[in-house]
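Notes follow once the structure below has been shown.
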Amino acid sequence: MAIDPREPGESYLSFWRERHICTLTTPRPDGTPHVVAVGATYDPENGVARVITGRHTRKAANVLAAGPEGARVALCQVDGRRWATLEGVASVRTDAASVADAEARYKVRYGRDPRPNPDRVVIEIALTRAMGRA
């Protein structure tokens with residue numbers, strides 16, 4: 001079911017506020033999918049999803065390898081029959097303000113501070129599509 005990522009409806013948004021582990025799919029340089037478990041936040045007001053990670057992770061490297069246009073990615077979560085997918089173009093943000101904002105959003109969603117990581121970056125996804133059954 002297609003959903004507007006900027007106006008998803010209350011049940012979809014409520015599902016994204018719950019504490020769930022997600023999967024992030026990024027394209028490897030050879031085009032094959034790389035899928036990993038992540039914590040993620042969804043910001044429909046700005047049409048963005050965020051994943052905090054280390055600058056030396058494979059997921060960050062995959063996004064950077066896509067070049068300045070960014071990488072097409074998918075972010076998913078599942079709970080029984082409920083599921084939600086956000087798709088968009090990812091870029092890596094390294095500035096302190098973006099990292100601090102993403103960490104604060106993570107704390108709200110997951111109820112705890114993320115573990116300290118001096119090499120933290122943010123994979124920021126400019127959303128183009130949403131779908132699911134929440």
Side-chain angles (χ1 to χ4, degrees):
M1 168 191 238
I3 296 164
D4 181 343
R6 287 185 168 265
E7 295 182 23
E10 189 50 42
S11 65
Y12 193 82
L13 187 54
S14 178
F15 185 44
W16 276 101
R17 287 183 186 127
E18 295 173 12
R19 186 185 190 282
H20 293 287
I21 297 301
C22 303
T23 62
L24 175 67
T25 304
T26 59
R28 292 185 183 102
D30 68 3
T32 60
H34 176 258
V35 184
V36 293
V38 297
T41 60
Y42 175 31
D43 175 4
E45 295 82 17
N46 292 301
V48 171
R50 295 173 182 86
V51 173
I52 57 176
T53 190
R55 77 177 61 247
H56 302 293
T57 62
R58 176 79 275 173
K59 57 189 162 284
N62 288 343
V63 172
L64 290 169
E69 307 83 38
R72 302 271 324 153
V73 302
L75 184 64
C76 305
Q77 67 180 25
V78 177
D79 181 35
R81 292 182 176 199
R82 297 184 307 157
W83 63 275
T85 299
L86 298 170
E87 296 179 8
V89 179
S91 57
V92 175
R93 304 277 184 239
T94 60
D95 62 284
S98 293
V99 171
D101 179 58
E103 289 172 334
R105 291 172 187 277
Y106 179 98
K107 182 176 182 174
V108 168
R109 182 168 192 205
Y110 292 99
R112 65 177 183 83
D113 286 316
R115 67 176 172 73
N117 181 352
D119 290 327
R120 180 160 288 134
V121 298
V122 180
I123 296 175
E124 188 175 276
I125 306 162
L127 300 174
T128 57
R129 181 180 299 170
M131 60 189 128
R133 255 187 230 296

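Contact check for Leu86 versus Ile125: no side-chain heavy atoms found under the 4.5 Å cut-off. No side-chain heavy atom of Val92 sits under 4.5 Å from any side-chain heavy atom of Arg55. Annotation: side chain of Tyr42 is in contact with side chain of Leu127 (closest heavy-atom distance under 4.5 Å). With a 4.5 Å cut-off on side-chain heavy atoms, Arg58 and Val36 do not count as touching.
Of all the heavy atoms in Thr85 and Tyr12, the pair that sits closest is O-OH, 3.0 Å. Contact record, Cys22 with Leu75: CB-CD1, 4.0 Å, taken as the closest heavy-atom pair. Of all heavy-atom pairs between Phe15 and Val78, the closest is CZ-C, 4.3 Å. A pairwise comparison of heavy atoms in Thr25 and Pro33 identifies CG2-CB, 3.8 Å as the closest pair. Here the closest heavy-atom approach between residue Ile3 and residue Gly132 is recorded as CD1-N, 3.8 Å. Taking all atoms of both residues into account, the shortest heavy-atom contact from Glu69 to Val89 is O-CG1, 3.2 Å.
Going from atom CZ of Arg6 over to atom CG of Asn46 covers 6.5 Å, rounded to the nearest 0.5 Å. Going from atom NZ of Lys59 over to atom CD1 of Ile123 covers 6.5 Å, rounded to the nearest 0.5 Å. In this structure, CZ in Arg109 is found 11.0 Å from CZ in Arg17, a value given to the nearest 0.5 Å. Rounding to the nearest 0.5 Å gives a distance of 10.5 Å between CG of Leu13 and CD of Glu18. Considering CZ of Arg120 and OG of Ser98, their distance stands at 13.5 Å, rounded to 0.5 Å. Summarising the geometry, atom CZ belonging to Arg50 is positioned 4.5 Å from atom CG belonging to Asp43; distances are rounded to the nearest 0.5 Å.
At most 12 non-hydrogen atoms from other residues, nucleotides or ligands lie less than 6.0 angstrom from CZ of Arg129. Counting non-hydrogen atoms of neighbouring residues, nucleotides and ligands closer than 6.0 angstrom, the CD atom of Glu7 reaches no more than 12 such neighbours. Within 6.0 Å of CZ on Arg28 lie more than 12 heavy atoms contributed by other residues, nucleotides or ligands.
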Original post:
Run the side-chain contact (heavy atoms from CB on, under 4.5 Å) check on Val38 and Thr53 step by step: do they pass?
Top reply: CA-CA 9 Å; Val38 297; Thr53 190; over 6 Å; no
